[in-house]
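Here is the naming used below: chain letters follow the sequence lines, and residue numbers restart at 1 for every chain.
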Amino acid sequence: MSWFSSTFSSSIGRKFAMALSALFLVFFLLMHLTTNMLSVFSANAFNEASHFMGTNPVVQFLLQPVLIAAVVFHFVMGFILEAKNKAARPVKYAKKDTGNATWISQNMIYSGLVILAFLVLHFIDFWVPEMNYKYIEQLPAVTDRYYGELVHKFQNPVRVVAYVIAFVLLSLHLLHGFQSSLQSSGINNKFTPGIKKFTEIYAIAIPLGFVLIAIYHFINH
Amino acid sequence: MDLKLKIWRQKNSSDQGQIVDYDIKGVSPDMSFLEMLDVLNTELIEKGDDPVAFDHDCREGICGMCSLQINGKPHGPDAAITTCQLHMRKFNDGDTIYIEPFRSRAFPVVKDLVVDRSAFDRIQHAGGYISVNTSGNTQDANAIPVNKDNADHAFDAATCIGCGACVAACKNASAMLFVSAKVSQYALLPQGQVERKKRAEQMVAQMDAEGFGACTNTGACSAECPKEISLTNIARLNREFLNSKFN
C-alpha cells in the first residue's frame, strides 16, 4: 500500500484530513464575518471589499476554488466517516444511555446536514447570481451594487429565520467540531482547557455575529 | 428485591437473537451483579432451561473479562468499576434492567452475552509489545531513569484492562481509547522508543482492519472506562500515528 493510501485510508488519517479542512473553514468564517461586518458600518466599505473579493484574480481563481474544495471535501468525508462508523455497529442496543457525551457531539451529521442545506440556499442566493453576472452574462462591473443586493436579500423574513436557524446549528457544530479538530490533530496538552474555552467563545461569537448582521439589515431597511 | 430482567439471548453467532424477559425475586442488595446472574442461572438450570452465558473470571475488577451493557451503559450505572464490582444496591426494587452484550461489528456475539474480543488481542499482536532479548543479559528496567511525569502517565495508560467498554460506549464502536492506552504506555517509556513508529502504524492498521469505527471525540469512552483512561491518550495516539507517517 502506498504511503498516501495507507495514511489517508486509515481512520486517523481521515480524521486528520477532516480536521484540516475544518480548521480552514473555521478561519474562513472569520474572514467572511469581517467582510459582512463592514455592511453595518459603511455601505461604501462593504461595496469596496466585495468588489475586491469579486474581481481579485487570487481570490477568484485560487482562494475560491480552494474554499469550494474544502467545503466539498468536508461534507463528502463527513458522510464517508459517518457511513463507516454506522457500519461498525450493525446491531443496535435495545437501550442506550449516552452518558456524559453531549447531544451535539453525537449528532454532528445532522447539524452538518442543516448547514449543507443552508449552503445550497446561500449559493442560490448569492454565489450563482454572482457567477452568472460576472462570467456568463458578463455584465459591466458596477462597483456599488453589492450593498443593495445584500440588503434586498434580508428583506424576506423567511430567509432571515432560515439564516438564524442555520447559524444556531453552525454554532452547535462548532462547539464540538472546533476543539474536536484539534484533538484529531493530536493537540491535547496543558493549554487545552484554555484553548477549549477559546473555541467555545469562537463557536458562539462568530455565528452570533452573522445573525446580528442579518437582523440589523432586516430591521433597518 | 424483585427485578424484571430483559436479557439478550442468542444461541450462537449465526442466530438472530432477541431480548427475553425474566422475573427474579428475592435479590439481595449485597449481591454483585454477576452473583445475581448466577442466581438466575441456577433457577434456569433447575427448570431445565439453558443458562444465560456471560463472561467473567477474576471478579475483582482487574482481569477485563466481564462485560455487559447494563441499562445502556457498559459495566452498568456506577463509574470506574467493572460489572463484577457492581452491586445490586445500585438498583431499586421493581426495576427493569436491560442486559445486552457489548455491540460492535468487531466483537461478534458468541452466545447470549458473550462476545469475541480477540480483535483486541490481534491489535496487541500487531505492535503492543517491546522486543527484548531475554538471553540472560537483559538490563534491569529499574536502572533506566524515567521522567516522573512520563512514568505516571505511562502507568495510568497501562491500567487499561482491555475489557472493551470503550468500544461498547462509543457511538461509532471505536477502539481508539484502548489502542491509545496501549500505544501510550510504550511511547512514554525509554523501552518503547525503538519500535515507536512501527507500533502506532501497525496497531492502527489492525484496528481499522478489524472494523472498529473512527473516533469523533464525544468522550463517552473515557466516561465509561472502568480504569478512567484519559482522552489525552487518544490525542497522543493521533500524534504518534501522524508522526510515524509525516516524520
What are the two closest heavy atoms between [X] and [Y], and how far apart are they?
X        : Y        : result
A/Ala88  : B/Phe212 : CB-C, 4.0 Å
A/Thr7   : B/Lys245 : OG1-CD, 3.2 Å
B/Ala169 : A/Lys96  : O-NZ, 3.4 Å
B/Asn217 : A/Gln183 : OD1-CG, 3.2 Å
A/Asp97  : B/Asn71  : CB-O, 3.8 Å

Please check: side-chain N/O of [X] versus main-chain N/O of [Y], any donor-acceptor pairing under 3.5 Å?
X        : Y        : value
B/Asp208 : A/Ser10  : no
A/Asn85  : B/Ala214 : yes
B/Glu100 : A/Lys95  : yes
B/Glu224 : A/Gly99  : no
A/Arg89  : B/Arg103 : yes

Using non-hydrogen atoms only, which part of [X] is less than 4.5 Å away from chain B: side chain, backbone, both, or neither?
X       : result
A/Tyr93 : both
A/Lys86 : neither
A/Lys15 : side chain

(request) Below 4.5 Å from any heavy atom of chain A, which atoms of B/Cys221 appear? Answer side chain, backbone, both or neither. (result)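 Neither part, no heavy atoms under 4.5 Å.
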(request) For A/Phe79, look at atom CZ and say whether over 12 heavy atoms of other residues, nucleotides or ligands are found less than 6.0 Å away. (result) yes
(message) I need the residue from B/Val167, B/Leu231, B/Ile19 with the largest number of non-hydrogen atom pairs under 4.5 Å to chain A.
(response)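 Among the listed options, the one with the most contacts to chain A is B/Leu231.
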